[in-house]
Amino acid sequence: MTAWLQLVQITRKDLLIEARSGEALLVTTPFGAVALLFVPLAVGTDTPLLREIGPGLYWVVVLLFGLLVTLRHSAVDTPAQIALLRLCGVHPVVRLAGRAVASALLLLAFELLLVPVTVALYDPAPHGWPWLLVVLPLVATGLGLLGTLAGALAQGLDGRTTLGPVLVLPLAVPLLLGATQAPRAAALGHAPWPWLLLMLTVDLIAVLALLLGAPHLEEVA
Amino acid sequence: MHPQLSPQAELTGVHVDVQRTAVLRGLDLVVAAGEVLGMVGANGSGKTTLLKVLATLVTPVAGTVRVRGPVVLLGHAPALCPQLTLRENLRFVAGLAGRDAAVADASLATVGLAAAADRRADRCSHGMRRRADLARVFVTEPSLLLLDEVQTGLDVASAGLVDHVLEVVRHRGGASVVVSHDRDQVARLTDRVVELVAGRVGPAVIV
């Protein structure tokens, strides 16, 4: 069986598990929405202020709660299941890539679910919105890859719940900057390409890290 | 049945450290094709580590390992995704192995779980999960089957399934290694029994 078909099988299985348990999306999305709701309650009905900070808050919530989505999702495999995959001839790169793809799709869904909440609560200016079609997948891909790598790195460690965010958050800062600045630059009439390139670079580095690091991250013993 | 001459697995001078502690120390072992080998030993003697070496999941720091696959390892805990049904679990394995989904369904029927095929694994008893794990043998058709305390949790009727699985692998020319604390059980299931003592195959071989 080709690696691509194995990757599809793993992605499909991970999404099926999520659809069955709803652990990542159904648990985390409402909390993300509540976090977005709390800020207007705290700052009051200052509409211009809310409109100004809305997009930035959206991305902060996506980053922090998306991290939970991807780290929860990366914790589903037991050593016995990892051993099963290896004995079925699944290369560690394929296993982690399948997981990262599923994670990215879940994160994309998470991002899309929070967009109407943000629009309803903050009424942000609609300038530069079309760029979200590029920004949303770039952030989802980057976070999915980084979370999967961090989950694999921390697998089996006592402090994995703490270690995961500590590993991912610094690396995800360029994604946050790119996601907030690209639509803003477009709205101001500037080219958003540098910011998109920054996010793409993070994604590519994460892909490279997965390709090179996956065989060393998989430890069954 | 006597084992054939060609080795299914051959370990020479295998040394494995786990967390800086020597678990296997220069172990030599040959498992012949068609053989069912039993393995007993005290806790910490290296039985499970040896199975992982045979499954090529653990790389020894010294020695050589030659194994003819594919290999199936059935360990203490069934390797099932709890949120998926038994059918989905087996179909996933079949998909990875490049087999048809129908093979998974037939395998579940073989282990007597056709009626429970659409039940989630986490809603099945331990014995049912264990049987579903055994069904993997029919999906992936291994040349080397490794069983680690696999009869734990199986009732008397289901325990006969292990005999059947071992016979199926042997019939295909493959070999099996059965690890257990229960010496009587191992002696009944296997052609010969070796004892692991402090990371080596001990001098006493129970026949």
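Every chain is numbered from 1 and lettered A, B, ... according to where its sequence line falls, protein lines coming before strand lines.
For A/Arg12, the CZ atom is loosely surrounded, since the number of other residues' heavy atoms within 6.0 Å does not exceed 12. For B/Arg172, the CZ atom sits in a packed shell: over 12 heavy atoms of surrounding residues, nucleotides or ligands are nearer than 6.0 Å.
Between A/Arg20 and B/Thr85, some side-chain heavy-atom pair lies under the 4.5 Å cut-off. Between A/Leu16 and B/Phe92, every side-chain heavy-atom pair lies at or beyond the 4.5 Å cut-off. Annotation: side chain of B/Val93 is in contact with side chain of A/Cys88 (closest heavy-atom distance under 4.5 Å).
For the set A/Val90, A/Leu84, A/Val8, the entry with the most heavy-atom pairs within less than 4.5 Å of chain B is A/Leu84.
To the nearest 0.5 Å, atoms NZ (A/Lys13) and CG (B/Leu96) are separated by 8.5 Å.
When atom types are taken as modelled, the side chain of A/Gln81 and the backbone of B/Leu80 share a donor-acceptor pair closer than 3.5 angstrom.
In terms of heavy atoms, A/Ala80 sits closest to B/Ala79 at O-CB, 3.5 Å. Minimum interatomic distance between B/Leu57 and A/Ala83 (heavy atoms only, all atoms of both residues): CD1-CB, 3.5 Å.
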